[in-house]
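Down below is the structure, laid out as structure tokens.
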Amino acid sequence: MLARIKQFLGMEAKPEEVASKQEVEKVAEEEKTRPRIGYIHLSGCTGDVMSLTENYDILAELLTDMVEIVYGQTLADVWEMPEMDLALVEGSVCLQDEHSIHELMEVREKAGLVVAFGSCAATGCFTRYSRGGQQAQPSHESFVPIADLIKVDCAIPGCPPSPEIIAKTVVAVINGDMDYLQPMMDLVGYTEACGCDLQKKVVNQSLCIGCGTCAMACQTRAITMTNGRPEVNCDRCVKCGICYIQCPRSWWPAERINKDLGL
Ligand code: SF4
Ligand code: SF4
């Protein structure tokens, strides 16, 4: 897009190729319509935004041509939170940290869409085990998913979410692809995640087909398959929720999957 603007301004074009004032204004208008995206870092490890940057093949285009990064401690040198179309919130929120709570409230006021970005924001993940008592803030003991405090529009759980799903979600937001976003909007209510969901909601309901997807998806190797059924080692479970989300018997958006596969 920058190249097109330069061309329209005559910076790289021959005089006869210079575009009209209307064309310049049209491109400038297009430029303005890039979604303004902010990244808000609460009690997270930065792994989710690292995963975003691992979209090596499309990252440059995504960050320069398709979106405008307007806020984010690790992505932009901006101190005041501006208005945003989309806010990616990483990390859970500490109830004893007034600054984090105010920041979260401000995000809700200033962002059109708020996304719980990664499992800490979406389900609390391993911050569910925080008990406080550590220096330099021993009183910081309670961490909750952001949907416990504000209305969240969309959740991308994962510890971290895969680079591909992050990129596809951002592109779906840009294109207004509600069909793609709907399952993530439905996941907003899934804040009490646990490996035991497999037993309670899949195995106990006679839904398990023994495919092993849950074991493959678990980042902490907490799941082993025993006699064709998942067995969760609770000592290793960090409550990210990915095993249940990835399980093909928890939900299966057949129409969308067929569309993506060209069927
Ligand atoms: S069993 Fe593994 S994938 Fe499932 S919630 Fe626990 S840590 Fe996450
Ligand atoms: S992913 Fe679901 S269906 Fe497959 S083994 Fe695990 S619980 Fe069973």
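Read the numbers this way: they start at 1 and go in the same order the structure lists the ligands and their atoms.
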Does one hydrophobic cluster hold both [X] and [Y], with members joined at side-chain heavy-atom distances below 4.5 Å?
| X | Y | result |
| --- | --- | --- |
| I165 | W251 | no |
| F126 | F143 | no |
| V238 | I223 | no |
| V115 | M84 | no |

Need the ligand 2 atom indices (1-based, order shown) with element for anything under 4.0 Å from a heavy-atom of [X].
| X | answer |
| --- | --- |
| C208 | 3 (S), 5 (S), 7 (S), 8 (Fe) |
| T213 | 1 (S) |
| G210 | 5 (S), 8 (Fe) |
| P248 | 1 (S) |
| I209 | 3 (S), 8 (Fe) |
| M225 | 5 (S) |

**Of all pairs that satisfy side chain to side chain donor-acceptor pair (under 3.5 Å), the ones with a partner from residues 142-162, not counting sequence neighbours** = Q96-S142, R108-D153, K151-D153
**Prompt:** How far apart are the C-alpha atoms of D48 and Y39, what are their side-chain angles, what is the distance that settles it, and do they pass the side-chain hydrogen bond (donor to acceptor under 3.5 Å, both in side chains) test?
**Reply:** CA-CA 10 Å; D48 304 314; Y39 164 69; over 6 Å; no
**Request:** Output the distance between atom CD1 (I146) and atom SG (C120), rounded to the nearest 0.5 Å.
**Result:** 11.0 Å
**Prompt:** If you take all heavy atoms of V67 and I37, which pair is closest and at what distance?
**Reply:**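 Result for this residue pair: CG1-CD1, 3.5 Å.
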**Prompt:** Does the cation-pi check pass for K201 over Y244, that is, NZ or CZ under 6.0 Å from the six-membered ring centre and within 45° of its axis?
**Reply:** yes
**Complete:** Contact region, P230 to ligand 2, non-hydrogen atoms below 4.0 Å, reads side chain
**Part of Q246 within contact of ligand 2 (heavy atoms, under 4.0 Å)** = neither
**Message:** Does either side chain, that of E231 or that of T226, offer a donor lying less than 3.5 Å from an acceptor on the other one?
**Reply:** yes
**Asked** Does the side chain of Y180 come under 3.5 Å of the side chain of N175 through a donor N or O and an acceptor N or O?
**Response**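 No.
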**Request:** Assess whether side-chain hydrogen bond (donor to acceptor under 3.5 Å, both in side chains) is satisfied between Q199 and N204, documenting all intermediate values.
**Result:** CA-CA 6 Å; Q199 183 67 35; N204 289 3; 2.7 Å; yes
**Asked** Side chain, backbone, both or neither: which part of I223 has a heavy atom under 4.0 Å from ligand 1?
**Response**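 Contact part for I223 vs ligand 1: side chain (C-beta onward).
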**C247 N/O/S atom closer than 2.8 Å to atom 2 (Fe) of ligand 2** = yes
**Complete:** Checked atom 8 (Fe) of ligand 1: protein N, O or S atoms closer than 2.8 Å come out as C240 SG
**Prompt:** Where is the nearest protein heavy atom to atom 4 (Fe) of ligand 2: which residue, which atom, and how far?
**Reply:**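 For atom 4 (Fe) of ligand 2, the nearest protein heavy atom comes out as C211 SG, 2.3 Å.
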**Message:** Could you identify the single nearest non-hydrogen protein atom to atom 1 (S) of ligand 2 and state the distance to 0.1 Å?
**Reply:** C214 N, 3.3 Å
